[in-house]
Structures are given as C-alpha cells and as structure tokens.
Amino acid sequence: MKLITAIVQPTILQTVQVALAQYGVTGMTVSEASGFARQRGHTEVYRGTEYTIDFISKARIEVLATDEKADRIVQVICDAARTGSVGDGKVWVSTLDQVVRIRTSETGDDAI
Amino acid sequence: MKLITAIVQPTILQTVQVALAQYGVTGMTVSEASGFARQRGHTEVYRGTEYTIDFISKARIEVLATDEKADRIVQVICDAARTGSVGDGKVWVSTLDQVVRIRTSETGDDAI
Amino acid sequence: MKLITAIVQPTILQTVQVALAQYGVTGMTVSEASGFARQRGHTEVYRGTEYTIDFISKARIEVLATDEKADRIVQVICDAARTGSVGDGKVWVSTLDQVVRIRTSETGDDAI
Amino acid sequence: MTILELNTGDTAWVLISAALVLLMTPALAFFYGGMVRSKSVLNMMMMSIVTMGIVSILWVLFGFSMSFGNSWHGFVGNPLQFAGMKGTFDTLVGPEGHQIPLLVFVGFQAAFAIIAVALVSGAVADRMKFSAWIVFATLWAVLVYFPAAHWVFAFDGFVAERGGWIANQVKAFDFAGGTAIHINAGAAALVLALVLGKRLGFGTKPMRPHNLTLVMLGAGLLWFGWFGFNAGSALGANGLAGLAWINTLVATAGAMLAWLVVEKVRDGHPTSLGAASGIVAGLVAITPACATVTPLGAIAIGALAGIACPLALSLKTRFGYDDALDVVGVHLVGGLVGTLAIGLFAKGSLTGGVAGLFYGGGFEQLGRQAIGAFAVMAYSGLVTLLIALAIKYTIGLRVSTDDEVSGVDITEHAENGYDFSRVGYSSYRVQQTLVIPAAPVSPVDFETTDAPARIKEEVK
Amino acid sequence: MTILELNTGDTAWVLISAALVLLMTPALAFFYGGMVRSKSVLNMMMMSIVTMGIVSILWVLFGFSMSFGNSWHGFVGNPLQFAGMKGTFDTLVGPEGHQIPLLVFVGFQAAFAIIAVALVSGAVADRMKFSAWIVFATLWAVLVYFPAAHWVFAFDGFVAERGGWIANQVKAFDFAGGTAIHINAGAAALVLALVLGKRLGFGTKPMRPHNLTLVMLGAGLLWFGWFGFNAGSALGANGLAGLAWINTLVATAGAMLAWLVVEKVRDGHPTSLGAASGIVAGLVAITPACATVTPLGAIAIGALAGIACPLALSLKTRFGYDDALDVVGVHLVGGLVGTLAIGLFAKGSLTGGVAGLFYGGGFEQLGRQAIGAFAVMAYSGLVTLLIALAIKYTIGLRVSTDDEVSGVDITEHAENGYDFSRVGYSSYRVQQTLVIPAAPVSPVDFETTDAPARIKEEVK
Amino acid sequence: MTILELNTGDTAWVLISAALVLLMTPALAFFYGGMVRSKSVLNMMMMSIVTMGIVSILWVLFGFSMSFGNSWHGFVGNPLQFAGMKGTFDTLVGPEGHQIPLLVFVGFQAAFAIIAVALVSGAVADRMKFSAWIVFATLWAVLVYFPAAHWVFAFDGFVAERGGWIANQVKAFDFAGGTAIHINAGAAALVLALVLGKRLGFGTKPMRPHNLTLVMLGAGLLWFGWFGFNAGSALGANGLAGLAWINTLVATAGAMLAWLVVEKVRDGHPTSLGAASGIVAGLVAITPACATVTPLGAIAIGALAGIACPLALSLKTRFGYDDALDVVGVHLVGGLVGTLAIGLFAKGSLTGGVAGLFYGGGFEQLGRQAIGAFAVMAYSGLVTLLIALAIKYTIGLRVSTDDEVSGVDITEHAENGYDFSRVGYSSYRVQQTLVIPAAPVSPVDFETTDAPARIKEEVK
Ligand SMILES: Nc1ncnc2c1ncn2[C@@H]1O[C@H](COP(=O)(O)OP(=O)(O)O)[C@@H](O)[C@H]1O
Ligand SMILES: Nc1ncnc2c1ncn2[C@@H]1O[C@H](COP(=O)(O)OP(=O)(O)O)[C@@H](O)[C@H]1O
Ligand SMILES: Nc1ncnc2c1ncn2[C@@H]1O[C@H](COP(=O)(O)OP(=O)(O)O)[C@@H](O)[C@H]1O
C-alpha cells in the first residue's frame, strides 16, 4: 500500500478532487500548509514596516492507494494540478506497512 | 521505528489521547485536516446559493513508536476511535529510517 | 529520496528556515500542529471552570532531500531548533519511493 | 394637548435612548455569540436577532397595549386599547412641560421588551431547535413579559388611567427593570435550562468561548446602550437622568473590579471574560436602583453584584442544570442583588422620602422590594415551565444528538460562522436555488462532467 | 436670526442623528466586509472607509452647495453659494421655534452623501482596482449623487430659495432617501457590475462569506444608525420623529421575518445571512416611507421588501451580471418597493392630506412616486455608465487575473486581514521604510548572516 | 438655581455625548487589540477595560474634585470639595438659559479621564505585567491626569470659583483636550516605553496586526464617539457644537487621505491600517482646534497631522524605543500638531477676537499654545518617569521572558482569545473551581479512570 502526498496550489484543490474522484479514488485527506521554495512570497507593509512573507498558502492532499494504482494516481494529480507556473508543487509517494479502516477493522488493501 | 498516522473524528480526539496515555504512549502530534470519503458532507446556503461542502473536519494524529509497540498502538487507537459510523477514519503505519529528539540529540528508539 | 519531518517550537521556525536556506535547501513545507508530550500544557479558566490544555502549538516542517543530504539536513534542523528546554521537538526521516515536481513532471532527485 | 407642549430636549433624549436600548440586543448577540463554541455562534446570535423581529411586531400589534393599556385588576393591560398603535398618534405623555410623544415612549419600551426575551436565550446555547425558540419567544413575550412589564412599569395615570400592581400597590422601586427584565429572564432561563437538559459533554468536555473579542464587543456595546436603558428611563433630560448615568458608570466599574478580585483570589488570574461578565452583572444590579441611590451606594451595589454573581456561577455545577451562558448567575442573581439592595441603600432625598435600611428607613421598603422580586420570579418560573413543557411535548425543544455534535449552525441554519482558510475547500455543486424559472441556468454538475481538463478551466 | 431662536432639543436630536448616520458607513464596511472571502475583506472595507474621506471633503468644498444651493432649473444647486462652507456660520434653518444651526444640517446631510456612494461598492467586491474606486467615488458623488440629492431633498425655501424638481414639482414623497440614495446606488451598482464583469469563478467556485459575525455586526450597527437616518430626517425631536422611529423598527422586523420565511420555504433553512439581509432590506424599504405610513403599513412594506428582495437575488444568476454583494437585489429592489409603496400606503392624516391607493387616494401619488423613482434610476444608470466606461478605457477598472487570484488585500493594500496562527511564519527581512534618514538603522539582513547560531539569538 | 432653568436640549446633548465618549474606550480596546499578535489581544483589551473600572471609581471619590474643585494656585483642585459626589446633586452649571445638571458634566468628564489613561497602554503591548498596569493607571490618573485636566479644563467660575492656570492664565485654546489628553498620554507613553524596554524580537521578528477588522471596528467606533468628545465639549446643542461636528468630520477625512497618500508614495500601497491610523490622527489633531477654526482650516490641520504622524512613526526605529502601537507617533505628534495649529488657523470671528498667524493674529496665540503644550508634555514626562521607576523597582513592570514568548493572554489572564478549531483539543481535567463546597462534585479525573471504553462514553 502506498501513501501519496501532494502539495498543490490552494485554488486548484477542487480540480484535483474532481479528477481523483473521476479516476475512482474514493477518499482523500486534505490539510492546510505553507510552502517556501522557488515561488516568490509577497511583501506586506504595516505602518511603514515592511515584512517579506516567504511562506505561501498550499493545500496538502494525502491519498492512500494500492500499489498498482499509485503511479496512475500520481499522474492524475499532476495532470490536474499543473498550471505550468512556479509554485505548482510536489507529489511524493511512500510505502506503508499497514492500513486500517477504523470502523470495520479491515486492514491492507481492503481498508483503502 | 514506526510512524503511525490516524485520521479520526475531531470530537473523539480526547478519548484517543486518554487511551494512548493509558497504554503508555508519552507523546503525539495532532493537526487539523479535512477528509473527503464515504461520509457525506453537508450543504450550506448563502443568499439562495447552495454549496455542497464535501470536506469534513478530521483530526490527524501522529505517533512515533518502536517496532514492537506499533501494532498494539494501532489497536488502541482503533478501539478508542471506533464509533461504528461512517467517517470513523483510517490508520496507517510506515517505517522510519531515523528519529531524533532535538533537545538531546538522542536517536533511534531512545528518541521516541 | 528522503522525507524529513520536524516538529519544532513555533517561534523557532524562522531560525530553522534561515539555517536550512543557508545550507542550500531550496524548499520546505510548513504546517501547524499541536503536540502533547513531556512539555506541560497550560491551564485556562473561564468563569471559574478550569481547563487543562495539554496540547501545545508546534510547527511541522517537511523537507524533501536526496539520500546523501538527508543526514546533514537533520543535523542542521536540530542545531537550529535546539534551545535545550523540554518541548524542542522531534525529527524523523522516511524513505520515499518517488518524488514528482508537478510543474515540469521531473521525477526523482531532479524533482527535489 | 397640543404639539406646542412637547419638550424637544426630553424627546431627543428618549429618542436616542430608545435607539441605545435597541442596540443592546445585537450587543447581547455578540456577548453570547462569542461565548459559545464556533460551531454554534450563528445560532446563538440568531436567537437574539429573530427575537427583535418577533417582539417588535407583537409589541405594536397588542403587546404595548397589554403592558400599558388600562389595567385589568393590576394584572394586565387592555390588549385592545392601543392595538395596532391606534390612539397613539399625536398623543403626549409625561409631566407638564416635559411631555414627549407617546409613540416615542412606545419605541423606548419596545426595546425593553425585545431584550428581556433575548436574554433568556443564553441558557439554551448549542442545543435548542430554532423553531422551538421562535415559538418560545413568542409565547413567553405574550404570557410572561407583557404582563410583568405591566405590573412594574405601568404607573397609574401615565399612559392609561390604571396601571400595574407592583408599581402602584406594592410600590417597590424598579427604575429601569431589575424585576420585569432581569429577574424575569433569569428565572425563565433556569426553568428552560432544566426542561431542556444539559449540553452533551457538559462538565467533561472543554467548552471554551470561541471568540473573546466578540464577547468584549458585546459587553462594550451593552454598557454604551445601557446608558439609554437606565438614564433614558428618566424619560427626560434632567438631573435624574444625570444621576442614573453616573450610577450606571460607577456601579459597573465596581462590579467589574470586584469580579476580577474574586477571580484573582479564587482562580489565580483576572480574566477578560470575568471583566465582561462583571460589566454585565454591574449593569444588571444597578438597573432597578440607578435613580434611588447615591454614586457611593451604586459602587456598593455594583461591588456586591461583582462578588455574588461569580460565586453563584458554581451553583449550576452543584445543582447540575446547564444554564450554558449563566443567565441565572448574572441576571437572576444580579437582578435580585440590585432590587433588594434598594431596600438597603435607597436615599430619602432621591426617592421623595422613602429611605432604605442603611439610611434609617427600616425594613419596610426592603419588604416591598422582596415582594416585587419574588412575585415576578415565581410567576416567570411557573409560566415558563408550562410553556417549555408544552413545546417539549409538541414540536420538541431539542435538536438531535447528531445535530448537536455537528453543531447547530450547520444543521439549523446551513451556514458556517467563519471561513478563514485560504484553501478553497471545494464542492461538487454550487447551485442557485432558482426563483424565476423561465430559462433555467444549468448548474455546473461535476458528477456528469467527463474530463479533468475541462473542469480545470471552468473552476479556474 | 439670533442664537436665541435655536431649539436646543431639536438641535440635539439632529446632532446625534448625524453621528448615527455617519456610523452607518463603517457599519456598511463590516456588513460588506464579512460577506467576501477573507482574502479581500480589507479592500472591501477600504472602499467604504476611503469614501468617507473623499465625500466629506467634497461636501464642504462644493457638494453641499450643489445639493442645497439655489437651484438651476430644479436640476442642481449653485456650487458656489456655500463653497467652503461660506455663509453657513451663525445661520439657522427650519420652522419657527424649531430652528437648528445650518451647519448641523450640513453635517447630517454629509453622512447621507457618504453612505450613498459607499453602498455602490458592494457590487464590485474582489476585483476592482482601488485607484479606480477612488476615481469612481469622486466622479459619482459629484455627477450623480449631488444632483440627485438636490432633486429630492432640497425643498424650496428651506436652505435656499429654490430647490429640486422632484421635491417641489413632482412632489414625490421620499422622507429619508429611498430614491436619492438607495435606488440611485442600486442602479449604479448594476451598471458598474456589468461594465466591470464577473468575478473569476462566479457561479462555479464557492464564495462563502468568510465571517458572518462581522456581517451581523454590520447589520446591527446599520439598524442602530438608521434611526438617525429616518427619525433624524424629521430634523427635530417631535412626533414625526417618533413615528419614523417606530416604523423603522417594525418594517425592519417585518422584512427580517419575511426573508427568513422565504428562505425556510425555498432553501430549507432560515439563515443568519438572511436575517442580516432582511434587516437591511427592511431598512431600505421604509426609508422613503417612514413618515407617511402607519406602523401597520410599515409592517406591510417591510414584509413586501422581505419577500421581493430575496426573490430578486436570483436575477443576477439569470441575467449573468455579478453584483457580488447584491446591491441591486437589496437596495434597488428594496428602494423601489418602499418608494412605490408610499403610493399605496400613504395615510392622509400623516401626509397633510395626500393618501395612497389603499387609503382611498387613487393612483395619483403612485404616479408621482414612480416618476421620482424612475427618473433617479435612469439618470443614475446613464451617468454611471459614462463614468465606468471612461475609467475602464483610461486607468482601467479591474485588477489583473493574478492579483484577483492572490486576493486584492495583498496586491492592492499589501496587508492580510487576519493572522491567528501561533506559528510565526518567518520572513527574511523585516525592514523599516525609513523617513528621517540621518543615521540609517541597518535592517537585519539574514541573507548575509553567516551562522544559524547567531541568528537564533537575534530572532529569539 | 432651580430645576426650571435646566435646558433639556443642552442636557440631552451632553448626556448622549458622555455616552459616546465612554464608548471610545472599548473602541480603543478594539483598535489596539487588533494591532497586536493574537497571543496578547486579551491583555491589550483588558488594559483599557480595567482602566474604565479604576478611573470611574477614582473620579467620583475625589478625581472630579481634584480636576474641578476650587483651585490651589491654578495647579490642582480641592480634592475634598466634591469628594464622593457630595454637593453635586441638584446643582446646575453653564451659562444662563443653557444650564445642565452638574452630574451630567461629571459624567461627561469622567469619560475623558478614562480614555486619557487608557491611551497610554498602546505603548506597552505584549510585555507589561497586568498588576503593574493597574498600579500605573491608578497613580497616573491621580498624579498626572487629574491635575493636567484641572490646568486645561477648569475655567474660573464654571464649576468652582477658581480654575486651572493654562485655561485662565495662559489662555491657550484647547477645546476638547489636545493637551490634557493626547499630548499628556503621548508623553507618558514615550517615557513608559523607554523604562519598560523593547518587546522581544522588536525590529527582527515580524509582529503583524492579527485582526485588521478589529482595528477598523475600533477606528469606526472612535470616530463615532469622537463627535461626543468634540461637539459635546460645547456643553450644549448649539452652533458651536455644529461647527465642532463638521470640523471633526472633515479634519479626519483630510488626515485619512493624507496618510494614504504618504503610504502610497513612500511604501507603494495605501493600507487599511493606514486609513484607521489616519482617522485617529485626524481626530486627535482636531480635538483642541475644533471650535476655533473653519472647516477649511480643519481640513488643513487634518492633512498636516496625516502627513506628520506617519513620518513620525519611524522615530521609534531611529531612537530605538518600542512604543508598540505608536501612541507617540499618533497622539503626541497629532496632539502637538493640533494644539500648535490653533496658533496658525484660529479665526477671530469664532474665538471672540483672537486670531491665529494665518488670519492676521501674529505670534501671540501661537506662543500661548506652545506654553500649554510643552508644560503638559514636560509635567507628564517627568511624573510618568517617577511612577514608572517606582513600579519597576518595587513590584516590577515586565513579565518574564518565558511569559512574553508564551503570550500574556495565557500567562496573565489564563485565557485564549480565539478558538476556531473544530478539533476539540482535549484536556485531562475540566474542573470547577468550587465556591459552595457543601457537597463537592467529583471532577472527572481521567488519570484514574481505567478503560478507554468508559471514557469514550463519558466524553461523547
Ligand atoms: N524540498 C522541498 N521539501 C518540501 N516541500 C517542498 C520542497 N520544495 C518545494 N516544496 C513545496 O512545493 C511547493 C512549490 O514549490 P516551488 O519550488 O515554488 O514550485 P515548483 O514545484 O514549480 O518548482 C512549495 O511551496 C513547497 O510547499
Ligand atoms: N483513500 C484515502 N486516502 C486518504 N484518506 C482517506 C482515504 N479514505 C478515507 N480517508 C480519510 O478517512 C476519513 C473517513 O473515511 P470514510 O470513508 O468517510 O469513513 P470509513 O473509514 O468509515 O469508511 C475521511 O474523511 C478521510 O479523511
Ligand atoms: N511519540 C511521539 N509521537 C509523535 N510526536 C511526538 C512524540 N513525542 C513527542 N512528540 C512531539 O514532539 C514535541 C516535543 O516533545 P516533548 O517530549 O515535549 O519534548 P522533548 O522532545 O524535548 O522531549 C511534542 O509536542 C510532540 O509534538
């Protein structure tokens, strides 16, 4: 079983969600994050004091997937989230030892 | 060393915390997340415009554990978090290469 | 490829960011978390009702790194984040199967 | 009477006072709204806001008439006398040379009626059906508040020939409504909380106020509005209004400081919720007394309320009722402190001769005050019980457990108080509830769309 | 005229009413600000706030004179007559025995001018250049509002000898500004929204109000301030003010309840945004009518607005214009309901004989009301179109797509509305924009620092 | 004097003005509270709120008497004359035909005393012990404000026979308190900030305002309340009040626009914090001048303040003191601008003959203004220094470094400003601080519970 984590633009989340749902992914977990990287932050000024805010709002998507589907899901996410501009984000995949669905205690691929 | 990640109902967090503490887990990290899955979201209406909000508030719990304790901790979390209704959430386990306690620079199982 | 996750004091984030940038890390993702561990929480009182708040604000930093750089990055984070008091936090490292830069579809070390 | 006799200065003061008192109900909505968890802030505010709608309408239809129409045995005014405001145009009330239009008085008292009802809602936070609140507010206004206001505020010969029994027979002092409003609402809150039952998790789960700046905003606006409430009750711009103004300032100051001292001693820290609560407790306590005591007496009354109220809050844990936002502890207890304290602190030179115990007046006035206070309390408790039970066994008082866990904002109002997130949590469907269906716009239905690419463009 | 003839009571009432009306513009800023997404709350508020600055200055320079100076054919006042407030000192206006200083009237009307302009901003949320708004507000005040106010508010012989055509020739009733303010702003909002174009994602992306407590705060303060708007328009503390006060209460109550009923029936839930919107709709509708109808008539007018406005909201989806915060649906529609309803509900005994259709007065007054309403609507629409196009093809009306996605708070104002995070998101540089550069302080420049250890100490 | 001579219109205006001025202190609490980081918003508000409690009580005990009692050599009033409000009942003050109850004047001035003290707190954000603030506020009110108010506001023969030296000997104009309030508080803020030391991380760590809607709410309510402050200082509803009203409008408008222009030119963007700050700067500057200049003069004064204040803000970086919320830059600088500008812009026809430099009056009045301004500044600075040092070396001024890092809300008040999270962060113990210990309720003690299952049920 794999865990796919994607950091994407916050405004693109809806697109990714729809794309994943269409591909057949039935669940995902999203949280808020701030990224610092190539994409330039912005400047704020309060009473003449200038702050450079390097951290930019991002959405963090986590999807559990079976081994065979993982690659395709990464593909779907990348396709949906790509706008071509700096800041589009990253996707990474890691291997899990175990997944459990709390409600039913199912484990492994059944739990996804 | 293992990392156990659990997505649970936000209101059940206290129960899980107590259960883990009683089992002997001394630390955990919690953050806010929103899940989209089988559990139905809700509808909001603003001035006659209807929005279907699919994402539901969840709490995300991360626990570091030694290899031997990991299975039992998953068990404890599942027992504490199970209500039997859709939306109870997921738990997954992954293997870590390294853990460091920042304060003391201890590494490995000692750092947990 | 490795994923380094660090839970640090929220006020130390700027220091860690600067240290990482100086070491040559070009990107990171930060989110908010709450930790429960050895560090004592605080007490709040509302109209005579006392609440013990065990969860303490933490910043969660994630850094993608190539295998060779990972150890050194852990070192940099620990050095920057260490104050010597309880609550300094944890760092852990896991191995990734894949990393993709969404914008360019680069994969592997190139994507970091 | 002719328009020439109208005193414009007095009228100006009552007009603005009426607006000040009206502002107190939104203020109450913020005060209460900030104290609940963020999942029920809107419902909490809506109970106050919808009350403004309901009671205003009732008031002009027949409520004013029930309160100030000619009395039926001192118990209730003739509901038809001023029904629909008939007979109120071009009429003046008040002492010679200081008359104001009757309609201005109607407006001023309307604001009192509104807030009396809204106060009760603090007890039922997080768990009452909104429809049940609407029914409750309507019935309670008609059956409890309008009569009680008649007892206390309707003086013989002011609006109608004969007025209420507490004002005219018992002759208890209640300048601005300690009995008819605060004791009344506090007693109702107690009974309603008992019938309704506790919030899920009461006593075990943390229920922190979600926004203390909102609480403080409410307290600040309440204090501001209360100058209209108390000093406006002089019904003219005169020395009595000035005295009420000062007393409203210093009693509140005294109560706030006393509450903070109690907290410091008992809990270790003076809190902002304590300061806000102390402000309200002081305002409540000085309400009945503001024209009958000196500023020093007002400080004493405020301090008493600032000590008694925080101590009383633990009653709810002791007796196991869940008066969520402490309407009992603040309004019932504060109202009793203020109403009874008049019997102690009333100064003869201010009251036309009647002095309280500490000013050599004996126990007589204290007795009158006690009769007034307990009569209202008993009546309110009893009728509220009947109303609450009637609703409970018909449409039901309480939302389902699931709804309470989800939060009443979403389940009762289909809304979310706040959305600060930069992550645009998406939705499958954004749809107009159409009204003019001639040429239906097609809602974007993502379930039937076929390609992510297309969607991406649309939702950009 | 000497100072002795001044009526202090009437003056006091208009002074405080002026302050109440002024408060309405910040209130509007909160009402509007809470409704947008959190990334543009500051810009939304700033459009109202900066309007307070611009219009105040224009008003004393020549705006008051354009509105109340001696009339040029009933169309506009002489802009020089009171330019820079000359000739307004030591002058009184009003009927004998009830005179108030002209300067007080200037202040009262200033607050009207401000809010009329600010109202328009609701249509352009999230996407208008701040500089374009400043230009628009200036031009619109001068070319549209000042003349329209002259038409409606300048009665012959009150301030200057000759006044505006609607007030004096058409004799449409508009007590407090249903035409000059609400219909006027609503028509302008419609046109400006059309020229400006839709928000990105309109109709497909969720755009939830980000802070409904702020919306409710705005609505509460608006209601409070509106007593000055309506009852203050009596320009004295008298029975007329009392009637306007009561009508302002009950029409609003009626509209709020009606709106909630519409929502309950149509959408399934009564919402807090609906209550807040209903409050404003009711206030708008009763504005022109508050002195010419009975309280029962006011309830009816309120209820009409509370039904018509929520139904009208779907027009924007139907016709595809993006009036973001529904200025058209609330102010144009509400203003029309109120202005025309006078032709139905006007009561002869209150208007000096002129009765509406339902009170046996025939269609005549209804016709007059319609002329007034549509004249203002047409004029406002047309001139707004010219102004909007002029700006569009010179400095441009709209921010770039990137800026709109990022949010106008950051791109137009370099600010962020809220920062509740405990995580001190860091920044490389915190730098003072220096002004007095004698001995420059060295900003901490982390890019040149050499060791994390050193930094750690500094940023501790 | 008899009650018959009281002018109800003037009384009504001063009564409502007093309430307006009182509202300014909660407004200040929001203005300041929104500007700090979210971890100290409650403490910031509490400094203002507790000041309302302390100063109100001091005022009726002896403060009013120190300010308005019979003068001891022009320096301070007799503290016993009106101690505990004795001798103030049934007394009227003011010119014949326009008298108001003395108690109303007491209340009006009470609100001035409160806000003067509260203003200082902006300098000490995030780091002052709450207990130290309480002691400071008390001492500063008694030793600095009450005398300074006497100097400036106590005119011979108004309340007592002999008044203060600046009002009667120097004859500096200060209509509503530019010297006694703003220069006074600003000078104190400077000294207190110096003694207290900088916030941790000042100049290196970002300290963004956490809630700009709260700042704007504060600014809006301040503007509203300030009409009472300035126009109310006419102590009657008359043409002078009207002039002050208009000047309070347009000077503020001018300052806001000027501040935004400075920002646009210097920083690149006009900000909402700039608009809010400009509003306050304009209000401060016009305070002393509002009755002595024309509206055009007021615009000029406002614009001057709107330029001088933002430029002055960089002084704190230059000189390295940490006046956290810029009390110096706004109130001291704004107060000086306004007070001195009277010497330039005073118009003879408004002042009874005394004209400023630009109106042909020469340097004389400018000199008088300067004496008034610098006398208050020097006295305030000196005595504040003594008070601050006394507190520093006894109970201590500052919280510990750990507490400052954690945030003073939690450490000083055991509270958290906001809790918007849906995640019910749990706690081991929710415990009632019991008061009535007869039959102790057992707090749920999770540490002794034995099974997750049981707990799950309880905390459901
Ligand atoms: N090395 C990294 N470790 C963790 N997160 C990263 C890393 N690099 C980038 N990110 C995340 O990806 C986001 C986008 O990165 P950025 O470099 O701006 O764009 P791009 O992916 O187009 O090169 C960042 O905001 C950050 O959240
Ligand atoms: N495939 C998945 N990947 C990531 N998170 C998931 C996945 N499926 C479910 N989740 C998370 O688990 C939560 C509960 O899932 P749901 O299907 O509603 O309940 P159940 O676990 O009872 O089937 C979701 O809200 C989501 O946060
Ligand atoms: N076993 C664990 N699993 C997950 N997170 C942990 C664990 N132990 C500690 N943490 C995280 O590390 C933070 C600091 O831990 P704490 O024990 O207080 O300090 P220290 O690391 O100095 O021992 C905690 O607040 C929590 O977020």
Side-chain angles (χ1 to χ4, degrees), chain D residues 7-10 12-13 16 20 37-39 98 200-201 203-206 208-213 216-217 220-221 223-224 227-228 231 236-239 241-243 245-246 249-250 253-254 256-257 260 266-273 275 294-296 299 311 314-315 317-318 349 418 420, chain F residues 3 6-12 15-16 18-19 22-23 26-27 29-30 33 41-42 45-46 49-50 52-54 56-57 60 84-85 89-90 101 103-104 106-107 110 130 211 214 217 412-420 422 424 426-427 430 432-436 439 441 444 458-460:
Chain D
N7 184 310
T8 56
D10 292 328
W13 175 237
I16 182 61
L20 287 172
R37 284 164 293 173
S38 69
K39 67 180 178 178
H98 291 280
L200 289 178
T204 55
K205 272 188 90 162
R208 297 195 282 181
H210 85 285
N211 188 344
L212 285 167
T213 65
M216 199 53 95
L217 171 63
L221 291 179
W223 199 347
F224 175 58
F227 288 110
N238 49 40
L243 176 65
W245 201 104
I246 289 284
L249 179 70
V250 295
M256 182 220 296
L257 296 180
L260 292 178
R266 184 185 65 180
D267 312 329
H269 295 91
T271 70
S272 70
L273 181 59
T294 66
L296 295 183
I299 296 176
L311 297 186
S314 61
L315 289 172
T317 320
R318 286 265 289 134
S349 62
Y418 306 94
F420 294 123
Chain F
I3 194 83
L6 177 150
N7 184 309
T8 56
D10 292 329
T11 303
L15 274 170
I16 183 60
L22 194 86
L23 180 65
F30 307 136
V41 54
L42 300 180
M45 297 199 304
M46 276 298 275
I49 299 297
V50 81
M52 299 179 77
I54 296 167
S56 297
I57 304 277
V60 302
M85 295 290 100
F89 305 95
D90 296 327
L103 270 179
V104 173
V106 171
F130 188 59
N211 188 343
L214 199 58
L217 170 63
E412 293 291 286
H413 304 290
E415 293 179 300
N416 210 333
Y418 306 94
D419 177 8
F420 294 124
R422 297 269 155 166
S426 66
S427 65
V430 177
Q432 291 289 331
T433 308
L434 282 182
V435 178
I436 302 171
V441 288
V444 178
E458 272 176 356
V459 298
K460 176 61 197 292

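All chains are named by letter (A, B, ...) in the order of the sequence lines, taking the proteins before the strands, and each is independently numbered beginning at 1.
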- line: Cut-off 4.5 Å, heavy atoms of chain D, and the answer for F:V60 is side chain
task: Only counting residues at least two apart or in another chain, list the ones meeting side chain to side chain donor-acceptor pair (under 3.5 Å) with D:S38.
output: none
field: Short side-chain to backbone donor-acceptor contact, D:H210 and F:D419, under 3.5 Å
entry: no
- prompt: Is the shortest heavy-atom distance from the side chain of F:M85 to the side chain of D:T294 under 4.5 Å?
  reply: no
query: D:N7 side chain to D:G9 main-chain N or O, any donor-acceptor pair under 3.5 Å?
result: yes
query: Side chains of F:F30 and D:T213: closer than 4.5 Å at any heavy-atom pair?
result: no
message: Under 4.5 Å from any heavy atom of chain D, what part of F:D10 do you find: side chain, backbone, both or neither?
response: neither
statement: So, the part of F:V50 with a heavy atom under 4.5 Å from chain D: the answer is both
Partner chain F: residue of D:L212, D:L273, D:L243, D:I16 with the largest heavy-atom pair count (under 4.5 Å): D:L212
task: Please look at F:M52 and chain D and tell me whether the side chain, the backbone, both or neither of the residue comes under 4.5 angstrom of a heavy atom of that chain.
output: both
Any side-chain heavy-atom pair of D:L249 and D:W223 under 4.5 Å: yes
- request: Would you mind checking which part of F:A110 comes under 4.5 Å of any heavy atom in chain D, side chain (CB onward), backbone (N, CA, C, O), both or neither?
  value: side chain
- request: Please check if the side chain of D:W13 supplies one atom and the backbone of D:N238 the other of a donor-acceptor pair under 3.5 Å.
  value: no
field: F:A27 portion near chain D, given a 4.5 angstrom heavy-atom threshold
entry: neither
message: Please classify the contact between F:I49 and chain D as side chain, backbone, both or neither, with a heavy-atom cut-off of under 4.5 Å.
response: both
message: Is D:M256 close to chain F through its backbone or its side chain, or both, or neither, when contacts mean heavy atoms under 4.5 Å?
response: side chain
- request: Side chain from CB out, backbone as N, CA, C, O: work out which of these in F:F420 comes under 4.5 Å of a heavy atom of chain D, or both, or neither.
  value: both
- line: Interface check, chain F: of D:G228, D:A253, D:A237, most non-hydrogen pairs under 4.5 Å belong to D:A237
- request: Name the region of F:L217, side chain, backbone, both or neither, that has any atom closer than 4.5 Å to a heavy atom of chain D.
  value: side chain
- prompt: Would you say F:E415's side chain and D:T271's backbone share a donor-acceptor pair under 3.5 angstrom?
  reply: no
field: ring pair (Phe, Tyr, Trp, His ring centres under 6.0 Å) partners for F:F89, two or more places apart
entry: none
message: If you count heavy-atom pairs within less than 4.5 Å of chain F, which of D:A241, D:G242, D:S272 leads?
response: D:S272
